[in-house]
Q: 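My questions will all concern the structure given below.
Note on naming: letters A, B, ... go to the chains in the order of the sequence lines (proteins, then strands), and numbering restarts at 1 for each one.
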Amino acid sequence: MLDIKYLRQNIELVRKKMAERGQAIDFDRFIALDSQRRDILMEVETLRNERNNVSKEIGDLKKKKADASALIAKMSDVSAQIKELDDRLRVTEEDLNGFVLTVPNIQHDSVTIGSSSEDNQLIRSWGEKPVFSFEPKAHWEIGENLNILDFARGAKIAGARFTLYRGLGAALERGLINFMLDLHIVDHGYTEVLTPFMANRESMTGTGQLPKFAEDLFKIEGMDYFLIPTAEVPVTNIFRDEILEEKNLPVYHVAYSPCFRAEAGSYGKDTRGLIRQHQFNKVEMVKFTKPETSYDELEKLTANAEEVLKKLGIAYRTVSLCTADLGFSSAKTYDVEAWMPGQNAYREISSCSNFEDFQARRASIRFRRAESGKVEFLHTLNGSGLAVGRTVVAILENYQQADGSVLIPQALQPYIRGIDRITL
RNA sequence: GGAGAGAUGGCUGAGUGGCCGAAAGCGAUCGCCUGCUAAGCGAUUGUACGCCCCUAAAAGGUGUACCGCGGGUUCAAAUCCCGCUCUCUCCGCCA
């Protein structure tokens, strides 16, 4: 959520920024609501002030056993007016709030303006794409041949976009989770957290999934709970409505969680394999930082995600998302894309974002400056480290052998009982 | 699932419808005192949103709201009434 005061004072800049993001937003409505709110507020506060003063007088009169009935009658009218104005104020504030909650974040000045993912800016690439003496297979074929991925059974149990892992497939997924967690905890200094996998409406609003993107979420029927689409939601909301001490920043958290996404509107896209699932596992890094360090922290966060792929020996490239691809809450996002030979393409495996104070303002996460004692919003960042299912895809496709077996990268072997190869 | 108790500032904890943004204590900050430390003394000690002042911000002045959340009664609600959420205790059930 943008700062209303900032919005009021920089309306033309915000107009321009939103136009660059391809957002058609009716800021005139905002201006009208905003001034309407202030008009009502001034009026109602004046009346309240009168009521407070006169009520005191009434109290004094009653103490002296004097007649206060004229004043009481007058205040009765004033109270009725206040009630009416309060109702109007509430409606106006709800409208205003509803409006501000649907305005995306302002992109950082370094973000390029674009119209599609074609316009994302290449930042760097790493690693060698493997060369095969045979036609590399897609992971779904490799996984089914090795009997470690069972898409038909997954669909039987739950439906399309659910997968059953078996044997070393399950072990690979589980080993990757622990490998990634240990790397971020031990080498990168993150604190592990394990959260609820459902979150309430306030939390979903805090990180920006609601109110605008309800159709992407699974909701628990009859209760105001949602399955989390990413650990970003519970981990960022750890400090919702809290004021942290400056000396405790930055906070680095890493969490494993399953992620649940309705994937509405993605029919026909990535229908085969593990790329786009209703449920997948992810290791997520979340940072709470001071405003002045958040962009340095974004670089480090992205490097932490890339490190996983380096350790696994998988080629990748890192792109800075252009305005067309940038997520609703993000000011700047780097996507790390792993090379996937079976698809002859780089595919997103991590997304690292700086939200600046956008989520912090929604979720009211603040910190107190040690020097001045002033309270201000902190900055939140997060990034996948990594999407586990897609990492399985990358391993299967990059390390597939002519005989159909798959080698396990050395760094990962301790996490799957020392096994160095998956064979039938 | 059944029965009961509770929710007040950074923390503990008072609070008879009006003098309660809220006692007291603790903690914290600043100052005094002191050879140093401790003790003692004094002052300060929330957040949000308006308005005034100001080129702007800050500071300052002023107003309003906030005692778990949402309604209601009343001239006036931390206080009375209703609903909800959460916490705790006991019983039952359960991984």
Side-chain angles (χ1 to χ4, degrees), chain A residues 1-13 30-101 194-206 220 222-226 234 237-249 291-292 357 360-378:
Chain A
M1 175 165 78
L2 301 180
D3 181 9
I4 287 192
K5 264 185 262 178
Y6 179 87
L7 200 48
R8 192 184 293 148
Q9 285 163 12
N10 300 277
I11 193 80
E12 291 314 315
L13 174 69
F30 164 77
I31 294 166
L33 283 170
D34 183 52
S35 79
Q36 191 184 346
R37 170 181 169 270
R38 247 169 320 148
D39 290 347
I40 299 172
L41 192 62
M42 269 191 276
E43 200 178 340
V44 77
E45 286 193 349
T46 306
L47 288 176
R48 278 217 193 93
N49 181 231
E50 184 188 354
R51 184 176 72 182
N52 287 345
N53 291 333
V54 176
S55 286
K56 263 175 212 161
E57 279 179 46
I58 292 171
D60 292 342
L61 285 175
K62 289 214 160 180
K63 226 173 274 173
K64 285 184 264 177
K65 307 274 188 203
D67 177 40
S69 56
L71 286 178
I72 289 176
K74 194 176 152 206
M75 283 308 102
S76 185
D77 282 354
V78 170
S79 274
Q81 280 183 65
I82 289 174
K83 187 174 269 184
E84 196 198 312
L85 285 169
D86 267 342
D87 286 343
R88 282 176 53 201
L89 185 64
R90 206 193 62 244
V91 170
T92 305
E93 287 190 332
E94 276 169 10
D95 286 355
L96 190 62
N97 205 29
F99 171 87
V100 177
L101 282 176
L194 185 60
T195 70
F197 297 151
M198 297 184 203
N200 58 30
R201 182 172 299 274
E202 289 72 38
S203 293
M204 288 292 175
T205 306
I220 304 300
M223 307 185 88
D224 213 23
Y225 294 150
F226 300 81
N237 277 283
I238 288 173
F239 296 127
R240 175 155 52 85
D241 296 323
E242 292 191 31
I243 299 174
L244 309 189
E245 294 303 323
E246 180 177 6
K247 66 175 193 292
N248 294 328
L249 296 179
E292 59 269 29
D357 63 7
R361 183 171 291 106
R362 285 175 160 247
S364 188
I365 309 172
R366 294 173 291 174
F367 76 103
R368 192 184 303 279
R369 293 271 181 194
E371 185 78 1
S372 61
K374 292 281 170 227
V375 172
E376 60 184 284
F377 291 110
L378 48 70

Q: Looking at A:F99, I want to see if its CZ is surrounded by more than 12 non-hydrogen atoms of other residues, nucleotides or ligands under 6.0 Å.
A: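 Yes.
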Q: Quick check: does any side chain N or O of A:R51 sit under 3.5 Å from a backbone N or O of A:M75, one acting as donor and the other as acceptor?
A: no
Q: Write down the distance separating the P atoms in B:C20 and B:A77, rounded off to the nearest Å.
A: 16 Å
Q: Tell me what A:D60 touches on the nucleic acid: a base, only sugar-phosphate, or nothing, going by heavy atoms under 4.0 Å.
A: nothing
Q: Going by number, which of residues 197-205 of chain A have a non-hydrogen atom under 4.0 Å from RNA chain B?
A: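 Hits under 4.0 Å, by residue number: none.
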Q: How far does the C1' atom of B:C66 sit from the matching atom of B:A7, given to the nearest Å?
A: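 Result for the C1' pair: 16 Å, nearest Å.
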Q: Under the side chain to side chain contact (heavy atoms under 4.5 Å, CB included) rule, collect the residues that match up with A:A363, sequence neighbours excluded.
A: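 A:A363 satisfies side chain to side chain contact (heavy atoms under 4.5 Å, CB included) with A:N237, A:R240, A:I365 once adjacent residues are dropped.
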Q: Quick one: side chain to side chain donor-acceptor pair (under 3.5 Å) partners of A:S69, sequence neighbours excluded?
A: A:D67
Q: Please check: side-chain N/O of A:R369 versus main-chain N/O of A:E246, any donor-acceptor pairing under 3.5 Å?
A: no
Q: Rounding to the closest angstrom, what is the interatomic distance between B:A76 and B:A65 at atom C1'?
A: 16 Å
Q: Got a sec, which residues hit salt bridge (Lys or Arg N to Asp or Glu O under 4.0 Å) with A:E245, two or more places apart in sequence or on another chain?
A: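 A:E245 satisfies salt bridge (Lys or Arg N to Asp or Glu O under 4.0 Å) with no residue once adjacent residues are dropped.
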Q: In residues 194-201 of chain A, what donor-acceptor pairs under 3.5 Å come from side-chain atoms, sequence neighbours left out?
A:
from: A:N200; atom 1: OD1; to: A:E202; atom 2: N; distance (Å): 3.3
from: A:N200; atom 1: OD1; to: A:S203; atom 2: N; distance (Å): 3.0
from: A:N200; atom 1: OD1; to: A:S203; atom 2: OG; distance (Å): 3.2
from: A:R201; atom 1: NE; to: A:D224; atom 2: OD1; distance (Å): 3.3
from: A:R201; atom 1: NE; to: A:D224; atom 2: OD2; distance (Å): 3.0
from: A:R201; atom 1: NH2; to: A:D224; atom 2: OD1; distance (Å): 2.9

Q: Under 4.0 Å from any heavy atom of chain A: name the first and the last nucleotide of RNA chain B that qualifies, 5' to 3'.
A: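 From 5' to 3', the first and last contacting nucleotides are B:G18 to B:A76.
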Q: Would you confirm whether A:N49, through its side chain, and A:E45, through its main-chain N or O, come within 3.5 Å as a donor-acceptor pair?
A: no
Q: Of the residues in residues 360-367 of chain A, which ones touch RNA chain B at a heavy-atom distance under 4.0 Å?
A: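 Output list: A:R366.
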Q: Within a radius of less than 6.0 Å around CD of A:E94, do more than 12 heavy atoms belonging to other residues, nucleotides or ligands occur?
A: yes
Q: Apply side chain to side chain contact (heavy atoms under 4.5 Å, CB included) to A:K56 and list each qualifying residue two or more places apart in sequence or on a separate chain.
A: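 For A:K56 there are no side chain to side chain contact (heavy atoms under 4.5 Å, CB included) partners, ignoring immediate neighbours.
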Q: Categorize A:L41 for me: base, sugar-phosphate, or nothing, with a 4.0 angstrom heavy-atom threshold over every strand shown.
A: sugar-phosphate
Q: Go nucleotide by nucleotide along RNA chain B from the 5' end; which of A:R90 and A:R37 gets its closest nucleotide reached first?
A: A:R37
Q: Considering only the C1' atoms, how many Å lie between B:A28 and B:G92, rounded to the nearest integer?
A: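 These two C1' atoms come out 48 Å apart once rounded.
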Q: May I ask you to say what A:K74 touches in the nucleic acid, namely base, sugar-phosphate or nothing, with a heavy-atom cut-off under 4.0 Å?
A: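 Answer is nothing: A:K74 stays at 4.0 Å or more from every strand.
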Q: Pairs counted only when both distances fall under 3.5 Å, Watson-Crick or G-U: show me the 5' to 3' dot-bracket for RNA chain B, [ ] for pseudoknotted crossings and | for other-strand partners.
A: ((((((((.[[[..)..(.....]]]((((((.......))))))(((((((.......))))))).[[[[[..)....]]]]])))))))....
Q: In whole Å, what separates the P atom of B:U16 from that of B:G21?
A: 16 Å
Q: Please state the P separation for the pair B:G46 and B:A3 - nearest whole angstrom.
A: 44 Å
Q: Looking at residues at least two apart in the chain, or sitting in another chain, which of them share a salt bridge (Lys or Arg N to Asp or Glu O under 4.0 Å) with A:E43?
A: none
Q: Taking salt bridge (Lys or Arg N to Asp or Glu O under 4.0 Å) as the test, write out the residues that go with A:K74, two or more places apart.
A: A:E50
Q: Which value, in whole Å, describes the distance between the P atoms of nucleotides B:G9 and B:C67?
A: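 Their P atoms lie roughly 10 Å apart.
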Q: Distance between the P atoms of B:C86 and B:C69, in whole angstroms?
A: 15 Å
Q: Sequence neighbours left out, what passes side chain to side chain contact (heavy atoms under 4.5 Å, CB included) with A:L96? Give chain and number order.
A: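 For A:L96 the side chain to side chain contact (heavy atoms under 4.5 Å, CB included) partners, ignoring immediate neighbours, are A:I4, A:F30, A:L33, A:D34, A:R37.
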Q: Return whichever of A:E45 or A:V375 has its heavy-atom-nearest nucleotide of RNA chain B closer to the 5' end.
A: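 Its nucleotide being nearer the 5' end, the pick is A:V375.
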Q: Between A:D86 and A:R48, does any NZ, NE, NH1 or NH2 come within less than 4.0 Å of an OD or OE carboxylate oxygen?
A: yes
